[in-house]
Amino acid sequence: EKITIGRMSEQFHYSETLLIRRFKSETGINFSEYLTHFRLQKAIAMMRESDMSISQIAEACGFSEYRYFRVVFQKKIGCSPAQYSQEVRLMRNDGNECVDPVLCMIFAFPIFLSLYNKGNPPRKTKKEYENMKRIKRMLAMLLALVAAVSLVACGAQKDNGDANANGDGDGAAEEKNLVIYSPATDAQVNAVVPLFEERYGIEVEVITGGTGELLARIDAEGDAPYCDVVFGGGESSYSEYKHVFQDYVSPEDANLIESCRNTLGYCTNYNLDCAILMYNTDLIGDIQIKGYKDLLNPELKGKIASADPTASSSAMMHIETILTDFGGLTLENEEGWNVVSELIKNLDGKLASGSSSAWKSVADGEMTVVLTYEEAGIALARSGANIAIVYPEEGTVLTPSTVGLIKNCNHPENGKLFIDFVLSQEVQNILCNELDVRPVRDDVSYPDYFRPASDIKTVDLDQEYVNQ
């Protein structure tokens with residue numbers, strides 16, 4: 001079953017970023033690493049108890065690609081799945097029923113964390129925190145000792161073909177490969193990746209998922225990442241995992257809108273989205289909607305749609321924009337929080353289950369106005385829906401989606417080539433004209449319905465504050 005941090009955030013009504021931080025504070029490890037340990041635990045048990053092939057076991061335990069399972073197994077256990085399976089068969093034939101140290105290690109790690117954290121709430125005194133660090137160091141030493149024993153169990157001989165973490169014995173073939181982890185929309189992936197493959201003759205493997213889930217997975221892969229490039233996500237997510245990225249500034253960077261250029265090194269902007277207001281033209285009547293202040297009109301009470309900001313990044317983007325417009329993005333901004341408070345009163349207790357539910361309620365005539373994002377508004381306008389788009393007169397924030405190159409990746413030059421390609425005028429035109437995605441270049445051919453970024457009043461978001 002595909003278990004992702006995105007699904008968990010929907011189930012428990014947390015934003016992905018908040019859930020990632022909460023999970024790590026409670027368990028001491030990130031969600032992806034915990035899930036990987038659990039799946040390895042199940043895989044090893046099945047290798048000992050069943051006659052299924054290794055690839056069947058990998059799939060049954062939730063590893064979507066056998067090559068990735070092999071990489072993780074080799075890194076965590078110290079030998080290949082084939083070597084381990086062979087040793088298990090030998091133990092069976094010899095009638096050796098001794099306790100498997102590898103299985104002990106895999107079981108011990110999550111169980112220890114679970115038992116320890118039950119008695120240790122996330123808020124700790126300094127003494128408790130130091131004790132926790134000492135216990136974790138002891139656990140690390142114990143696991144290292146067990147891992148050393150497991151290496152003996154795996155045998156001294158190396159299966160060169162299977163132990164190759166990249167899955168290819170031919171180094172030359174690897175030069176024509178690229179692995180992308182992508183939280184971007186299917187439309188973006190399907191528009192960009194096949195064109196890149198055709199243009200450069202590079203075979204691309206795309207693994208999709210939520211931004212936080214994929215970044216945590218790369219973090220868990222350590223110094224031997226399977227991924228070369230992350231395509232999609234945003235700066236705030238990248239900043240939390242900036243240690244997994246390597247700096248790369250594309251030659252195309254000079255052609256970008258100045259505010260979108262790469263100033264961080266590890267994080268390249270490739271498209272923009274922004275907070276907009278959208279209203280139903282059949283329901284609005286004589287009410288004027290030009291900006292956020294107009295949403296405080298008592299006539300709109302109970303007629304405004306919004307998603308829950310704790311579960312929707314687009315709804316949170318509006319809160320950040322309002323605070324930025326009215327006094328600044330700080331917790332001490334009395335003016336801004338008063339506007340947010342009055343807006344909440346006008347929502348009259350109504351929150352949509354998600355961002356799509358919010359804008360659909362306006363398009364379907366159930367609500368009058370919605371706080372939403374530009375891509376949705378443009379798509380509805382193009383479809384002929386009875387809606388109108390408003391860019392808040394107080395100013396809106398242009399929020400970029402990002403692409404980044406992974407440190408110690410297997411195909412760094414191909415990764416750089418992909419980033420250059422995404423920023424090219426050709427691809428930026430495709431994003432803008434075919435996918436209704438705002439480009440980061442102004443030298444593209446904008447369709448009539450798309451307002452250039454230079455014609456929109458924007459305000460600067462304190463991204464560093466958001467990242468923190």
Side-chain angles (χ1 to χ4, degrees), residues 2 32 36 54-55 58-59 62-76 80-82 158-209 211 213-233 238 241 244-252 266-268 270 402-424 426-427 430:
K2 188 173 178 61
S32 179
T36 298
I54 297 175
S55 60
E59 183 178 359
F63 292 94
S64 55
E65 310 86 20
Y66 172 68
R67 284 192 296 173
Y68 176 68
F69 172 66
R70 187 170 57 191
V71 169
V72 172
F73 198 100
Q74 179 83 33
K75 178 186 174 185
K76 300 290 186 184
S80 71
K158 295 294 181 181
D159 180 358
N160 292 331
D162 194 62
N164 183 346
N166 298 317
D168 294 293
D170 183 0
E174 290 179 357
E175 292 306 311
K176 288 297 183 181
N177 293 335
L178 182 68
V179 178
I180 295 175
Y181 287 3
S182 181
T185 63
D186 290 342
Q188 291 184 28
V189 171
N190 293 335
V192 176
V193 171
L195 188 60
F196 175 79
E197 289 181 306
E198 180 182 351
R199 182 68 48 80
Y200 296 104
I202 295 173
E203 182 179 348
V204 179
E205 179 181 0
V206 179
I207 297 172
T208 60
T211 306
E213 170 204 0
L214 293 174
L215 291 175
R217 176 167 166 172
I218 295 169
D219 192 26
E221 291 168 0
D223 294 332
Y226 187 62
C227 171
D228 299 307
V229 170
V230 178
F231 177 44
Y238 281 35
Y241 290 93
V244 307
F245 292 96
Q246 69 178 71
D247 287 354
Y248 175 66
V249 179
S250 169
E252 293 284 354
Y266 64 88
C267 189
T268 299
Y270 75 89
T402 47
V403 58
L405 186 67
I406 299 303
K407 189 183 297 182
N408 299 322
C409 65
N410 294 315
H411 313 104
E413 296 307 313
N414 293 344
K416 293 175 183 177
L417 191 61
F418 180 79
I419 293 174
D420 297 344
F421 184 67
V422 170
L423 298 183
S424 68
E426 175 186 12
V427 172
I430 291 172

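Distance CG/N414 to CD1/I180: 10.0 Å, rounded to 0.5 Å. Distance check: L405 CG to C227 SG gives 9.0 Å after rounding to the nearest 0.5 Å. Interatomic distance, NZ of K176 versus CD1 of I202, reported as 5.5 Å (0.5 Å rounding). The distance from atom SG of C267 to atom CG of D247, rounded to the nearest 0.5 Å, is 10.5 Å. Atom CG of residue L178 and atom CG of residue D228 lie 5.0 Å apart, to the nearest 0.5 angstrom.
Neither side chain, Y270 nor E252, offers a donor N or O lying under 3.5 Å from an acceptor on the other. Judged by distance alone, the side chains of H411 and N177 never bring a donor and an acceptor atom under 3.5 Å apart.
The shortest side-chain heavy-atom distance between F245 and I406 falls under the 4.5 Å cut-off. Side-chain contact between L423 and P251: absent, with no pair of heavy atoms (C-beta onward) separated by less than 4.5 Å. Taking 4.5 Å as the limit, every side-chain heavy atom of F231 sits out of range of all side-chain heavy atoms of V206.
Taking all atoms of both residues into account, the shortest heavy-atom contact from V189 to S182 is CG2-OG, 3.4 Å. When all heavy atoms of D420 and Y248 are compared, the pair lying nearest together is OD1-OH, 2.7 Å. Taking every heavy atom of both residues into account, P183 and G233 meet most closely at CG-N, 3.5 Å. Scanning all heavy atoms of the two residues, the minimum distance from V427 to V422 falls at CG1-O, 3.6 Å. For the pair E426 and L195, the tightest heavy-atom approach, listed with the atom from each and the gap, is OE2-CD2, 3.7 Å.
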**Q.** side chain to side chain contact (heavy atoms under 4.5 Å, CB included) assessment of N410 paired with V179
**A.** CA-CA 9 Å; N410 294 315; V179 178; over 6 Å; no
Q: Would you please test F418 and V204 for side chain to side chain contact (heavy atoms under 4.5 Å, CB included) and show each step?
A: CA-CA 10 Å; F418 180 79; V204 179; 5.8 Å; no
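Because its NZ or CZ atom is both nearer than 6.0 Å to the ring centre of Y181 and within 45° of the ring axis, R217 counts as a cation-pi partner of that residue.
Not one N or O on the side chain of D219 forms a donor-acceptor pair closer than 3.5 Å with the backbone of V244.
A distance below 6.0 Å separates the ring centres of F196 and Y200.
E203 CD: 12 or fewer foreign heavy atoms inside a 6.0 Å radius.
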